[in-house]
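Once you've had a glance at the structure underneath, I'll fire off some questions.
What you see is a predicted model, and the numbers here were worked out from it, not measured in a lab. Just so it is clear: chains get the letters A, B, ... in the order the sequence lines come, proteins before strands, and each one is counted from 1.
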Number of protein chains: 2
Amino acid sequence: MQTVDDSQETAPVDRKERQRQTMQAEIRATARGLLVDEGGAAVTINAIARRMGLSGPALYRYYPSQAALIDALRADFYGELIAAMRQASSHGAGDAPGSGLLAMSRSLRGWALAHPAEFGWLFASPTANREPGACDPIKSEMGHAFGQVFLEQVLAIWEAKRFPVPSIEDMPAIQAEQLRAFSERLGGRLPAEAASVYLACWMRLYGLLCMEIFRQIDFAYADMTPIYEECLQELCRLLDIAYAPPDG
Amino acid sequence: MQTVDDSQETAPVDRKERQRQTMQAEIRATARGLLVDEGGAAVTINAIARRMGLSGPALYRYYPSQAALIDALRADFYGELIAAMRQASSHGAGDAPGSGLLAMSRSLRGWALAHPAEFGWLFASPTANREPGACDPIKSEMGHAFGQVFLEQVLAIWEAKRFPVPSIEDMPAIQAEQLRAFSERLGGRLPAEAASVYLACWMRLYGLLCMEIFRQIDFAYADMTPIYEECLQELCRLLDIAYAPPDG
DNA sequence: TAACTAAAGTTAGAGGGAATAACGAGTCAA
DNA sequence: TTGACTCGTTATTCCCTCTAACTTTAGTTA
């Protein structure tokens with residue numbers, strides 16, 4: 001049934017497949033260069049093809065549409081950011097509880113500052129702007145994995161040494177219900193009360209970073225490093241861990 | 001010198017000018033309808049003209065380019081949002097100090113929730129995405145007026161009854177310097193220490209709202225009303241005013 | 001009243017982008 | 001050798017922005 005009888009047949013197939021994948025990677029790399037050099041509006045099928053010495057329609061052998069290409073590129077960005085965050089958090093592990101979280105948070109900001117155009121595409125896709133009701137599949141999938149990295153750190157802190165949590169009874173019923181559902185979706189590894197702390201921390205950090213990257217506060221602050229560190233200090237207080245200033 | 005000798009000459013000129021302005025307003029209204037109905041990508045010169053029963057190039061009599069039209073539309077949105085915020089804050093005035101701030105904050109969220117597409121264009125213009133270095137003139141001008149509305153409320157609270165402020169000596173030098181410069185740009189009406197509290201409050205509120213409107217947290221929270229109110233409670237604590245739950 | 005002027009609309013067209021169709025050249029296996 | 005498959009091409013369609021050149025119309029002026 002299978003055509004995998006021996007290597008004489010599978011080898012060329014694999015080689016072709018690898019060539020195809022490197023071509024796709026080259027297309028995405030070219031698109032990213034265009035994004036960084038000339039802005040998001042310059043990322044067109046024709047412009048990418050021109051940069052690669054190809055004719056426009058050739059790219060449709062590799063991506064069915066411009067939107068698909070852009071989505072793949074955004075998935076790249078998510079992957080790169082998540083990898084950077086994971087690496088930073090593992091580097092800081094073994095020390096005091098929460099050192100991984102601090103390292104991860106700083107690497108998140110570092111990546112966003114180093115790649116503002118890419119970060120902008122993560123936050124709001126130019127593709128998703130097309131239709132009003134259409135939700136962003138990349139953001140739903142990868143955005144989940146994105147918050148997940150932060151969640152893992154909070155989870156580690158929670159499992160090592162519980163942090164203070166608010167009483168879920170004091171919350172409005174709608175909020176309590178949503179927290180319970182979310183906690184369940186997490187497999188119950190984080191109780192609803194602790195999940196509310198995780199979400200509060202994540203919103204604080206991510207919200208502040210967006211304010212900075214999208215320059216919403218630049219009428220007052222050009223350099224937001226101290227404010228970001230102040231935010232991290234408050235997260236540490238909320239999670240009952242020790243704050244350590246960045247080294248270097 | 002002036003051609004304003006009597007009404008026989010000025011009347012037709014004014015009438016033409018008025019006609020021109022109502023035409024511009026109609027164009028912007030049509031564009032907004034397109035934005036709301038079919039998304040940002042549908043806001044094209046040709047589509048607007050089609051909806052109005054005109055040919056495309058006719059619109060260039062009223063706006064020099066698509067970008068200019070979009071900028072004018074965004075200025076409309078800023079104006080509408082700011083007017084809503086101002087109205088809400090004046091309605092709540094006279095009562096306890098800070099009641100205006102609470103009303104304003106809630107009307108801000110109310111407007112953003114009612115007009116997510118418009119809010120999206122305030123936060124990140126599709127025009128500004130063109131070039132990487134190009135800053136957004138509308139956001140710089142109107143965004144300032146936007147934060148100003150919140151600032152006025154904080155200022156009123158400050159002048160009525162000082163709120164606790166952090167010591168500027170304890171801050172990093174970079175932050176202290178930026179705060180002093182900002183305070184000076186404000187005409188010294190708010191000292192640097194108090195300005196840091198204003199900015200912290202504004203970033204918290206605006207950042208949280210962006211998280212909600214851009215659905216960054218919808219993996220956990222569908223309805224963020226309680227979280228927004230929680231944030232308002234914390235702002236009240238920071239500004240040393242009484243929190244009052246929304247009526248209704 | 002007749003001619004002039006300026007504004008507001010028109011069509012035609014250049015230039016670019018997304019996407020499809022139809023076609024040619026290479027590769028590989030039977 | 002032949003047939004199939006892949007990857008590239010050009011040609012074409014449709015839509016977009018924007019300019020040029022024109023008609024029409026309303027208001028002004030001699």
In whole angstroms, how far is the C1' atom of D:dT9 from the OH atom of A:Tyr60?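 Nearest whole value for this atom pair: 15 Å.
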
Quick one: B:Gln19 CD to C:dA6 C1', roughly how many Å, whole number?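 These atoms are roughly 14 Å apart.
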
Rounded to the Å, how far apart are A:Leu69 CG and C:dG17 C1'?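 So the CG-C1' distance, A:Leu69 to C:dG17, works out to 14 Å.
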
Atom NZ of A:Lys16 and atom C1' of D:dT6: how far apart are they, to the nearest Å?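 Atom NZ in A:Lys16 sits about 5 Å away from atom C1' in D:dT6.
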
A:Asp71 and A:Lys139 ion-paired at < 4.0 Å: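 Result for this pair is no, no salt bridge flagged.
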
For D:dC16, does either OP1 or OP2 sit under 4.0 Å from a side-chain N or O belonging to B:Arg50?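 Yes, B:Arg50 has a side-chain N/O under 4.0 Å of OP1/OP2 on D:dC16.
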
Specify the separation, in whole Å, of atom CG of B:Leu34 and atom C1' of D:dC16.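 After rounding, the gap between these two atoms is 14 Å.
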
Between A:Pro57 and A:Arg61, who's closer to the 5' end of DNA chain C by nearest nucleotide?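 Looking at DNA chain C, the more 5' nearest nucleotide goes with A:Pro57.
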
Rounded to the nearest Å, what distance is computed from the CD atom of residue B:Gln66 to the P atom of nucleotide D:dC16?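 My rounded result for the distance is 10 Å.
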
B:Phe146 and ring pair (Phe, Tyr, Trp, His ring centres under 6.0 Å): which single residue from B:Phe77, B:Phe119, B:Trp111, B:Tyr206 fits?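 Output: one option passes, namely B:Tyr206.
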
Audit row: A:Arg51, A:Glu38, salt bridge (charged side-chain N to carboxylate O under 4.0 Å, His left out) steps and yes/no: CA-CA 13 Å; A:Arg51 267 208 183 187; A:Glu38 301 172 37; 3.3 Å; yes

Please tell me if B:Arg15 has a side-chain N or O lying less than 4.0 Å from either OP1 or OP2 of D:dA26.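 Indeed not, no polar side-chain atom of B:Arg15 lies that close.
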
Under a 4.0 Å N-O cut-off, is there an ion pair linking B:Glu118 with B:Arg74?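 Not counted as a salt bridge, because no side-chain N and carboxylate O are separated by less than 4.0 Å.
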
Value in whole Å for how far the P atom of C:dA6 lies from CD of B:Glu17: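 These atoms are roughly 16 Å apart.
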
Regarding A:Ser55, tell me which of base, sugar-phosphate or nothing describes its non-hydrogen contacts under 4.0 Å with the strands shown.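 The residue A:Ser55 makes base contact.
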
OP1 or OP2 of D:dG8 versus the side-chain N and O atoms of A:Tyr62: is any pair under 4.0 Å?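 Yes, such a contact exists.
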
5'-to-3' dot-bracket of DNA chain D (Watson-Crick, G-U; under 3.5 angstrom; crossing pairs as [ ]; | other strand): ||||||||||||||||||||||||||||||

Which heavy-atom pair separates B:Gly56 from B:Ile45 by the least distance, and what is that distance?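 Result for this residue pair: O-CG2, 3.8 Å.
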
Look at A:Asp37 together with A:Arg32 and state whether they make a salt bridge at an N to O cut-off of under 4.0 Å.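 So A:Asp37 does not pair with A:Arg32 through a salt bridge.
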
Nearest-nucleotide pick for B:Asn46, side chain only, options being D:dT17, C:dA18, D:dG8: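 It is D:dT17.
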
Look up atom OG in A:Ser183 and atom CG in A:Leu190, then write down how far apart they are to the nearest 0.5 Å.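 These two atoms lie 6.5 Å from each other.
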
Between C1' on D:dT10 and CG on A:Leu54, what's the gap in Å once rounded to a whole number?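 Checked: the CG to C1' distance equals 14 Å.
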
